[in-house]
Structures are given as structure tokens and as C-alpha cells.
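Each remark here refers to the structure printed beneath this line.
Because only heavy atoms are used, hydrogens play no part in the values below, and waters and symmetry mates are left out as well, while side chains stay in.
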Amino acid sequence: MDETVAADYGRSWYAATAVAAPERPPLAFDVDVDVCVIGAGLAGLTTALEIARLGWSVVVLEAKRVAWSASGRNCGFVLPGFACDPHRIVERVGLDRARRLWALSEAGVAYVRTMIRESELPAVHPARGWLDVSKTDDLDEMQETLSLLAGDFGAAVEGWPVEQVRELLKSDAYFHALHYPNAFHIHPLNYALGLAAAAEAAGVRIFEDTPAREIDPAGVRKRVATPAAMVRAGQVVLAGNVHMGELMPRLAETVLPVTSYTAVTAPLGGRLHDAIAYPGAVSDSRFANHHYRVVDGDRLLWCGEGTCFSRDPRKVAESSFKPAIAAVYPQLGPVEFTHAWGGSMGFAIHRMPQIGEISPGLWVAAAFGGHGLNTTAIAGNLIARAIVENDDNWRQFEPWDLVWAGGTSGRLVQETRMRLRNRRETVAAALAQRRDRKRRAAAPPLYRRSDEETDGPPPTDWAEVRAVAAAPPTEARRERDEDEPLRPAEIYGRRAYGDPSFGPDDAPEPPNALDWRRAKAIEDRAGGSDETAPGSSPQRPERPRSVDSRHGRPSGR
């Protein structure tokens, strides 16, 4: 990747390890297509690929390079769920609809996994598992979330006690955790570049260095003006996320840009494996701080410090990431960063993605911050099926409309809220570690001393240690019950969670995950609706036209 292209990608570790990709020319001639997609990030590429697979012609306009922004700079976590808390989703739409939305999020994860496997995307390096760890000893929040996800949603999620977490993450900073065995992490830039190659193989034409300057969304054929040419299309998909300000100012005002930072250490050798024995992704905060994973065998990729106002990535790495790593894993010693970069994500005020039709034939796919790799897959597939097949499953996102993000004042408010939340988390974590030290100092040893006052032999494996730790308290310890955390048996009832296996993923995928083009959403399966026969060319349906055209104004879907 030459110097100019590397600069477009933020000089990140992803750019330094990216697969070879062609530099696509700008659009220099007028084109007439079925669908014009604006933005060659993950959402735009997925939408274009799926529409092309259904037999329609597609052009993608990209102002810079494929996946140059958040799509190629993020942490690389492929997770179920949404940035919005699942309890809030239930409050908004009810349990049944929230359960269907969760199934869609799992289908988004499965789509990425299937895309990597079936297209044999190079150098994506998927690694299984995600641990959402707690830095406090308060179990109430985790118990509620585990009950909702594993019980009501039927999600693949496990609760891990403190002992199990600390076996793999050698840090006293962590307590219990939620483990998502079907989540995974990847090289996001290589995934996006592979997605672009697959789209082009399906017939999509991608033009880089081609910003959309003006759009006329009225009429049957919409017109998109670029610096040197015009695109006419029956449908237009706005997948530019936080970069739509010049083209659609009112739409851009509904997205709050949040810049997150990422850094990769120099090789740490065996000391990294001694500290982190978990190969999956780790999040130790409900908000902006921090998320990390092991990459390239012995490097630590660390990200977080989200802010509404941009900062120097190198300064963030030195002033924030180094102290954070030292606090969690002091055994690593001093670390040095070889790469540091930032990327702007888009968040809606309600923290749900913007997926839907904002006026006849004009679609939006944006606000994927927090869970972008699975939600962009959802958006691309739902919009493709809506355009080609008149499928209306995108309406599951209608309760979260386009809401003004508050402009500069909104950024200031959100920045203040993030700082306060992070400060509260820091204080709560410090108090929890103090309580933990007191409990361990007061607790009796796990095995008695011999007559010679030397420690007896250690147990044969950690399962024995956990069995001792989970045993009923002795009479001497009952007096301290109020200060002790709940034992694993009390947390998880009769369910036993064994040590994780990171071999082949044999868990069944959601029924609508493997082939979005031929499957209906879960709630429609019982209806017995007709489907297009595999291999046949779909007929272009006449879409119903609304009398009231909103001319692209984001005033509701």
C-alpha cells in the first residue's frame, strides 16, 4: 500500500498489514443503474453486494477509499446485540419484538462469519469469543442481563464467575463476566477489502475519489451529481454515516460523531501470553473504555477513549492507554506502541442503527457505532431485500426514528456525560478492588498447612480450587457473608459452565443467517410466503409510491 493510500487509512496497523487492493478510478462518465449506493464502508458494500446477487445493477460512490473511515479503523469486534442496552430495547418495543431484533443481530454475526468462510477472504484472521468483564463485584446488573439474554432471548451467552475470568485474564482488576462464545474478532480492513472484491465479482462498480456533491431524490429516477459525471438510479442508498454533511445536512445532524482511538503495541513475547490466555476479544467497560485483543501472535491491540472532539492518537496512547494497561496488567511492564490512530463512529441519540426508507426510493444506513460489524451486515441485507423483494423487515427499526443529535451543544452534553460515566466507573472499580483485597486477606487458605507449617501440594487442577471456593461457607466464615460476593452456585443456579473450547464453532446459526437472499425473517416463516426459486432472476417489482414525497428530509420513516 503506497504512501497516499496509507495516509487515507490513518497509518494504522490495519493499513500496514492490509492485503493488496486495487486503486479504483473516479467516475468520469454518466451512468444509469438500478441502485446507487453512496459510501463504500461496510454498510454500503454489503448493500451493494446483496443487491447485485439478486440481479440488479449497482454503482457505489466513495469520496475517498474503500473502508477508509470507521469501517477500516475499528476494533474488529463482531458481536451480537446493539449499542443500545437490551433492557431499553425491551422497554421500547416489548419482549417479543426485542427478541426478534436480537435474532437479527445474531444473524448479522453469522453473515460475517459465513462471508469470510464461503468467500475465503484472505488475512481476516477470525478468532472466537468475547468476554464482557466487570470491574466491580456488583452482580445485580450482570444477573439481570444474563437472565434477559439467555432466558428470554435464548441467546448464546454464559455467566463466568471471578475464578474463571482470572484464570484467563491474569488481573485482579476483573471480577465476573458474560461470555459470548459465538462472537469473534477480525482484521476489519481486510474484511472490508474482501467484501469490495466480492461485490465487484458480483457485478458492482465501485468508484473511489468520487464524492456525491448533490442529490435530487424526487421522481422515479433519482439523480446524483459527482464532480465529473451524473448517476441516474431508481433507488439511492445513503451509507455515508457521519460524512453526509455536505450532501444531506439535515440527515447528518441526526448522527453524533464519536472518535475512538486504537493502538497496537510492539511484540511483547511470552509475557503477553502469561498475562492474557484468552484468544477472544475483551471489553471491560460499558461505555468508552476499554476494549482489547491479542493480534499478530504477541501484540496487544487496545482501543477506547471515545470523545466527541478529536485528539492526537499518539497522545491518547501515551497518556491514557499506557496507564490503563499498567493498571490492569502490571506484569507486562512498560509497553511501547508502534501504531496509533483514530476513527469516527456514528451514534444516534437512541444508540440504535438508522435503517430504512426516508422518502420513496431513498434509503439510509447509518449510526452503527458500538456494534458496527454485525449491524452493517443487518442493514445491507434488509435494505437489499426491501429494494428488490419488497420485504418490509426493515420496519423493525421504525421505533427508532431520525432524531436531531443537538449539534455542537449535543456534543458538549454527550462529552460531559461520557466523562462522568467513566469517572464513576473508575471510582466504583477502585472501591471493588479494595473490598476484594480485604476479603482475600480475611479468607482462610484453600488447603491446610502440614505439621511442618509448610504449604501442602497444590490441587491437581483448577476445577478443585473452584470446588473448594464454591463450597458452603464454614461457621467461621458465616459472620462475613454480607461482605462476600455470591458464590458461583448462587449466581448461576444449577447450570454449570465448563472451561471454554476455542475449536470449531458447532453452535447452530439463526435460521435466517446463512442465506439472506432466500430466507424470510424469523417471524414470517410461519406465514408460508412464496420465495424466489434458487438460480432464477427476480422480477423487478413495482414499488408503491407515496403521494407525499419528503424530498429527502429526515422527518421520519
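Between Asn190 and Leu193, some side-chain heavy-atom pair lies under the 4.5 Å cut-off.
Pairing each heavy atom of Pro181 with each of Arg128, the nearest pair is O-NE, 2.7 Å. Nearest heavy atoms, Ala275 versus Leu332: CB-CD2, 4.0 Å. Nearest heavy atom pair, residue Lys170 against residue Asp274, reads CG-O, 3.2 Å. Residues Tyr278 and Gly129 share a closest heavy-atom pair of OH-C, 2.9 Å. Shown here for Leu42 and Ser71, the closest heavy-atom pair between the two residues is N-OG, 2.9 Å. Counting all heavy atoms, side chain and backbone alike, Asn182 lies closest to Phe184 at O-CD2, 3.7 Å.
If you check the side chains of Glu305 and His290, you find a donor sitting under 3.5 Å from an acceptor. A donor-acceptor contact closer than 3.5 angstrom links the side chains of Tyr174 and Asp284. Side chains of His371 and Ser105: no donor on one and acceptor on the other come within 3.5 Å. Side-chain polar atoms of Ser344 and Thr259 form a donor-acceptor pair below 3.5 angstrom.
In this structure, Arg166 forms a cation-pi arrangement with Phe175, its terminal cationic atom sitting closer than 6.0 Å to the ring centre and no more than 45° off the ring axis.
The 12-atom threshold is exceeded at NZ of Lys322, counting heavy atoms of other residues, nucleotides or ligands nearer than 6.0 Å.
Although no hydrogens or angles enter the test, the distance criterion places a donor-acceptor pair under 3.5 Å between the side chain of Arg293 and the main chain of Cys75. One N or O on the side chain of Arg271 and one on the backbone of Leu268 form a donor-acceptor pair closer than 3.5 Å. Judged purely by atom type and a 3.5 angstrom limit, Thr307 has no side-chain atom pairing as donor or acceptor with the backbone of Ser310. Between the side chain of Glu208 and the backbone N or O of Glu23, no donor-acceptor pair lies under 3.5 Å. In this structure a side-chain-to-backbone donor-acceptor pair under 3.5 Å is present from Asn381 to Ala377.
Classification of Arg419 and Glu415 as a salt-bridged pair holds, one side-chain N sitting under 4.0 Å from a carboxylate O.
The CE atom of Met352 lies 4.0 Å from the CD1 atom of Ile89; values are rounded to the nearest 0.5 Å. Atoms CH2 and CD, on Trp160 and Glu167 in that order, are 8.5 Å from each other to the nearest 0.5 Å. Interatomic distance, CE of Met345 versus CG of Leu256, reported as 10.0 Å (0.5 Å rounding).
Here the options are Tyr14, Tyr261, Trp68, the test is ring-ring contact (aromatic ring centres under 6.0 Å, His included), and the partner is Trp341; only Tyr14 passes.
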Assess the residue pair Arg24 and Glu62 against the criterion (salt bridge (Lys or Arg N to Asp or Glu O under 4.0 Å)); give the C-alpha distance rounded to whole Å, side-chain angles, the decisive distance to 0.1 Å, and a yes or no.
CA-CA 10 Å; Arg24 299 162 176 93; Glu62 170 53 53; over 6 Å; no
